[in-house]
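Just the heavy atoms: all of them, side chains too, but no hydrogens, waters or symmetry mates, feed the values below.
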Amino acid sequence: MTKLRMNRAVVAALILLLIQTSVVPWLIPTAWGGRLLLHLPFIMTIFVALLGGRHRAFSFGLGFGLLEDLLFYGHMIGAYAFGMALLGYLIGLAFERRLNTLAYVLLLTGIGSGLLDMLAYFVYKLFSLTHLGAAFVFYWQVLPTLLLHMLVALALYLPARRFLVKHIASAAEEAEGA
């Protein structure tokens with residue numbers, strides 16, 4: 001039996017947020033700076049949904065989405081909080097229904113990343129904060145970000161499982177070991 005270490009997930013997401021704000025801008029070329037909207041805490045929200053369930057992923061996504069809204073998108077607070085919380089819940093619900101393979105994690109990471117950015121775009125479009133077309137935004141920002149999120153999720157999958165999961169011995173395992 002396994003249990004998610006939520007305090008470690010929060011610390012890991014804060015470290016990823018720090019990397020997102022301090023290291024990643026140096027790694028991304030300036031021509032691609034406006035195209036890649038990297039959300040590393042969202043990837044951790046997906047791992048929380050996988051390992052901890054949909055309710056924890058909802059609150060985790062809500063908290064870190066609000067933090068991202070306050071840090072980066074001050075003109076519209078709540079779009080990423082709503083999106084990360086909703087998608088954390090839905091991805092957690094999807095993980096309860098199927099086997100949790102690496103391919104399934106990457107598929108849901110890609111779908112979730114695309115939906116998060118498109119949801120934020122439609123909220124901004126609703127309040128007339130952007131005048132770009134949906135097709136342009138999808139091909140210019142969402143698709144490259146989606147691919148980068150899948151690559152980062154692939155790189156972080158095994159370290160996150162080892163760092164976040166605590167193995168709890170069941171009664172049968174304890175009796176067998178004694």
Side-chain angles (χ1 to χ4, degrees), residues 1-25 27-29 32 35-65 67-68 80-121 137-170 172-173:
M1 184 175 195
T2 61
K3 182 181 177 186
L4 175 71
R5 296 176 175 164
M6 196 64 175
N7 55 353
R8 286 189 176 190
V10 171
V11 169
L14 287 173
I15 290 171
L16 286 175
L17 186 65
L18 186 64
I19 290 171
Q20 174 184 328
T21 57
S22 61
V23 175
V24 171
L27 298 176
I28 295 176
W32 282 70
R35 286 185 86 171
L36 296 175
L37 305 170
L38 194 61
H39 303 290
L40 293 178
F42 178 67
I43 295 172
M44 189 57 65
T45 303
I46 292 171
F47 291 146
V48 168
L50 168 68
L51 303 170
R54 63 181 188 249
H55 300 291
R56 286 185 177 183
F58 177 82
S59 60
F60 193 87
L62 183 67
F64 278 98
L67 185 61
E68 280 198 12
Y80 281 98
F82 171 71
M84 286 176 69
L86 176 68
L87 290 170
Y89 184 84
L90 293 176
I91 289 172
L93 189 64
F95 279 135
E96 290 177 359
R97 307 271 185 232
R98 291 204 34 128
L99 296 173
N100 299 333
T101 62
L102 178 60
Y104 193 57
V105 171
L106 293 179
L107 175 71
L108 287 180
T109 300
I111 291 171
S113 172
L115 287 175
L116 176 68
D117 289 333
M118 288 306 291
L119 181 69
Y121 164 75
V137 168
F138 181 77
Y139 288 116
W140 183 255
Q141 289 179 335
V142 174
L143 199 57
T145 302
L146 179 147
L147 295 173
L148 185 61
H149 278 171
M150 288 176 70
L151 184 67
V152 170
L154 179 65
L156 292 178
Y157 179 72
L158 285 177
R161 281 189 74 108
R162 288 187 186 132
F163 185 68
L164 298 178
V165 172
K166 178 181 179 182
H167 182 71
I168 300 172
S170 65
E173 290 175 350

- Query: Is there a side-chain contact between I46 and L108, using heavy atoms and a 4.5 Å cut-off?
  - Reply: no
- Task: Would you check if I19 and V23 make a side-chain contact, meaning some heavy-atom pair closer than 4.5 Å?
- Result: yes
- Item | L51 side chain near F95 side chain, heavy-atom distance below 4.5 Å | no
- Test side-chain hydrogen bond (donor to acceptor under 3.5 Å, both in side chains) applied to S113 - qualifying residues, sequence neighbours left out: H149
- By side chain to side chain contact (heavy atoms under 4.5 Å, CB included), which residues pair with P144, not counting sequence neighbours? W32, R35, L36
- Query: Of all residues at least two apart in sequence or in a different chain, which pass the ring-ring contact (aromatic ring centres under 6.0 Å, His included) check with Y157?
  - Reply: none
- Taking atom OH of Y89 and atom OG of S59, what is their separation to the nearest 0.5 Å? 12.0 Å
- Task: Would you check, one step at a time, whether the test side-chain contact (heavy atoms from CB on, under 4.5 Å) holds for F60 with M6?
- Result: CA-CA 9 Å; F60 193 87; M6 196 64 175; 3.6 Å; yes
- Smallest heavy-atom separation, G88 atom then A49 atom, equals O-CB, 3.7 Å
- Over all atoms of both residues, closest heavy-atom pair of V48 and A9: CG2-CB, 3.9 Å
- What heavy-atom pair brings L17 and P41 nearest, and what distance separates the two atoms? CD1-CG, 3.8 Å
- Under a 4.5 Å cut-off applied to non-hydrogen side-chain atoms, are Q20 and E68 in contact? yes
- Message: Is the shortest side-chain heavy-atom distance between D117 and Y80 below 4.5 Å?
- Response: yes
- Message: Tell me every residue that passes side chain to side chain contact (heavy atoms under 4.5 Å, CB included) with F163, counting only those two or more places apart in sequence or in another chain.
- Response: R8, A12
- Non-neighbouring partners of F42 that pass ring-ring contact (aromatic ring centres under 6.0 Å, His included), sequence neighbours left out: none
- Task: Output yes when a side-chain donor or acceptor of T145 lies under 3.5 Å from a complementary backbone atom of L37, and no otherwise.
- Result: yes
- Do the side chains of L16 and L156 get nearer than 4.5 Å, heavy atoms only? yes
- Is there a side-chain contact between L67 and L14 (heavy atoms, below 4.5 Å)? yes
- Item | Interatomic distance, I43 atom CD1 to L38 atom CG [nearest 0.5 angstrom] | 6.0 Å
- Message: Going by the rule salt bridge (Lys or Arg N to Asp or Glu O under 4.0 Å), which residues pair with R54 if we only count those two or more places apart in sequence or in a different chain?
- Response: E96
- Distance from M44 atom CE to H39 atom NE2, nearest 0.5 Å? 15.5 Å
- Begin with the C-alpha distance, continue with both residues' side-chain angles, and end with the deciding distance and a verdict on side-chain contact (heavy atoms from CB on, under 4.5 Å) for T109 and L154. CA-CA 10 Å; T109 300; L154 179 65; over 6 Å; no
- Message: Counting only heavy atoms not in Y139 (residues, nucleotides, ligands), do more than 12 fall under 6.0 Å from its OH?
- Response: no
